[in-house]
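Positions are given from 1, in the same order as the sequence printed here.
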Amino acid sequence: MEQHSEDRVTATPAARELLDEIIADHGPVLFHQSGGCCDGSSPMCYPRGDFILGDRDVLLGTIGDTPFYIGAAQYEVWKHTQLTIDAINGRGGMFSLDNGRERRFLVRSDVCAVG
């Protein structure tokens, strides 16, 4: 798994509240952003022991103690962005722990300086 020193992910208060609720129910979790279509375009939240990371997944940063990983192909597209995880009304991804809570995680991005 690739490691990067810059923390490129933050979270809104609404996302932190939803994350805290999920951690209270499920224990430590992680986020994975794979890209692609359908559920893959949303950040997915999994119990930490239930998701197997690939060798090319990139640790983009953390939200508190929760790591946020991104697939290598998606990282190449987003490597010059700062991601903000938000929570909005709606259904989460089918396998994500936000599913069924009528709130879901959403990624917002801002372009960073390219250096």
Ring center gap for Phe31 and Tyr46 short of 6.0 angstrom: no
Flag if over 12 foreign heavy atoms under 6.0 Å of CZ, Arg48: yes
Inter-residue atom distance Glu21.CD - His26.NE2, 0.5 Å rounding: 9.0 Å
Check: Asn99 main-chain N/O paired with Ser96 side-chain donor or acceptor under 3.5 Å: no
Sub-4.5 Å side-chain heavy-atom contact between Ile70 and Gln33: yes
Ile88 reachable from Leu18 in the ILVMFWY side-chain graph, under 4.5 Å edges: no
Minimum heavy-atom distance Pro67-Thr62, with the two atoms named: CA-CG2, 3.9 Å
Closest contact, heavy atoms only, Ser42 versus Arg104: OG-NH1, 3.7 Å
Side-chain heavy atoms of Val9 within contact of Ile85, under 4.5 Å: yes
Partners meeting side chain to side chain donor-acceptor pair (under 3.5 Å) with Asp65 (sequence neighbours left out): none
Derivation and outcome, side chain to side chain contact (heavy atoms under 4.5 Å, CB included), residues Arg8 and Leu60: CA-CA 6 Å; Arg8 295 282 179 112; Leu60 200 60; 3.8 Å; yes
Set of side-chain contact (heavy atoms from CB on, under 4.5 Å) partners for Pro47, sequence neighbours left out: Asp50, Leu97
Non-hydrogen side-chain atoms of Phe68 and His32 separated by less than 4.5 Å: no
Other residues, nucleotides, ligands: >12 heavy atoms within 6.0 Å of Glu76 CD: yes
Residue pair Val107 / Trp78, side-chain heavy-atom distance below 4.5 Å: yes
Phe105 vs Cys45, side chain to side chain contact (heavy atoms under 4.5 Å, CB included): CA-CA, chis, key distance, verdict: CA-CA 9 Å; Phe105 293 110; Cys45 185; 4.1 Å; yes
Arg101 and Asp25, any side-chain heavy atoms less than 4.5 Å apart: yes
Residue of the set Leu106, Leu19, Ile22 for which side-chain contact (heavy atoms from CB on, under 4.5 Å) holds with Asp98: Ile22
Note, Tyr69 side chain near Leu53 side chain (heavy atom, < 4.5 Å): yes
For Arg91, all residues meeting side chain to side chain donor-acceptor pair (under 3.5 Å), sequence neighbours excluded: Glu102
OH-CZ distance between Tyr75 and Arg56, expressed to the nearest 0.5 angstrom: 12.0 Å
Sub-4.5 Å side-chain heavy-atom contact between Thr10 and Gln82: yes
Thr81 backbone acceptor or donor facing Ser109 side chain under 3.5 Å: no
